[in-house]
Amino acid sequence: DQQVKQNSPSLSVQEGRISILNCDYTNSMFDYFLWYKKYPAEGPTFLISISSIKDKNEDGRFTVFLNKSAKHLSLHIVPSQPGDSAVYFCAASARTNAGKSTFGDGTTLTVKP
Amino acid sequence: NAGVTQTPKFQVLKTGQSMTLQCAQDMNHEYMSWYRQDPGMGLRLIHYSVGAGITDQGEVPNGYNVSRSTTEDFPLRLLSAAPSQTSVYFCASSYSTGRGSPLHFGNGTRLTVT
């Protein structure tokens, strides 16, 4: 059973518009969530995170929203730029297993100029 | 500051061969881990270490061995390669096991087992 799900394998948006990437989780023990970005032939890099005590965290063009009751989080990128084209992974961890992050399958974002 | 360095970048093995994927970090990070990524899938945890001399199994440990004799190095050994181990392998480290400590990844090793 997949505990972290990114149901959209791909997303295409126009430059300047908003990109919304979604992530759902099933394990109620998860209390910390991270987003990573991955370019081809490189390792993932950390983008932004959110703790379960918050419902929003913002860093420049990137905002993550957390809806604990729905077990859902989303990453908003505004405005989207062609350089944002990459694979985005959602990851979750629990206080009881702090060393282990569980990843979703990723969403490939394409931002068209 | 090199971060997390993985070698080799590419490797082709025959079924039954053994090999070691190397991983080194120069950030004095306490926590290190190995993930594999298969096409269209996320990263799955193979093994991890919370400090020198301490290792534990992740989600998919079978067929792999690790050791952590120093803070800097965390090699992953394939004991007898199988085609199912064809994948991209990522090593990652973080400052601590705390949840607020994000992972720093290497650029991966692409392994093909024929």
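Bear in mind that the values here come from a model prediction, so they are computed numbers and not experimental data. Letters go in sequence order (proteins before strands), and every chain restarts at 1.
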* Tabulate, in ascending numerical order, the residues of residues 105-114 of chain B having at least one heavy atom closer than 4.5 Å to a heavy atom of chain A, or enter 'none'. =>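 Result: B:Phe105, B:Gly106, B:Asn107.
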Hydrophobic clusters here meaning ILVMFWY residues chained together by side-chain heavy-atom distances under 4.5 Å, can you tell me if [X] and [Y] are in one?
X       : Y        : answer
B:Val50 : B:Tyr64  : no
B:Val88 : A:Tyr36  : yes
A:Phe62 : A:Leu109 : yes
A:Trp35 : A:Val87  : no
A:Ile50 : A:Leu21  : yes

Distance (rounded to the nearest 0.5 Å) between [X] [atom1] and [Y] [atom2]:
X       : Y        : atom1 : atom2 : answer
A:Phe46 : B:Ser94  : CZ    : OG    : 11.5 Å
A:Thr45 : B:His104 : OG1   : NE2   : 10.5 Å
B:Gln57 : A:Lys100 : CD    : NZ    : 9.0 Å
A:Leu34 : B:Leu103 : CG    : CG    : 7.5 Å

* Given a strict heavy-atom distance threshold of 4.5 Å, which part of A:Pro9 is in contact with chain B: side chain, backbone, both, or neither? ->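 The answer is neither part of A:Pro9.
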* **Residue part contacting chain B, namely of A:Ala91, when any heavy atom lies under 4.5 Å** => neither
* Side chain proximity check, A:Phe89 to B:Leu43, heavy atoms < 4.5 angstrom ->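 They are in side-chain contact.
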Can you establish whether the number of heavy atoms outside [X] located under 6.0 Å from its atom [atom1] is more than 12?
X       : atom1 : result
A:Lys5  : NZ    : no
B:Tyr95 : OH    : no
A:Arg61 : CZ    : yes

* To do: Return the minimal non-hydrogen interatomic distance between A:Lys38 and B:Gln37, and the atom names on each side.
  =>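 Looking at all heavy atoms of both residues, the closest pair is CE-OE1, 3.7 Å.
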* Asked: Does B:Tyr35 use its side chain to pair, donor to acceptor, with the backbone of A:Phe103 at less than 3.5 Å?
  -> no
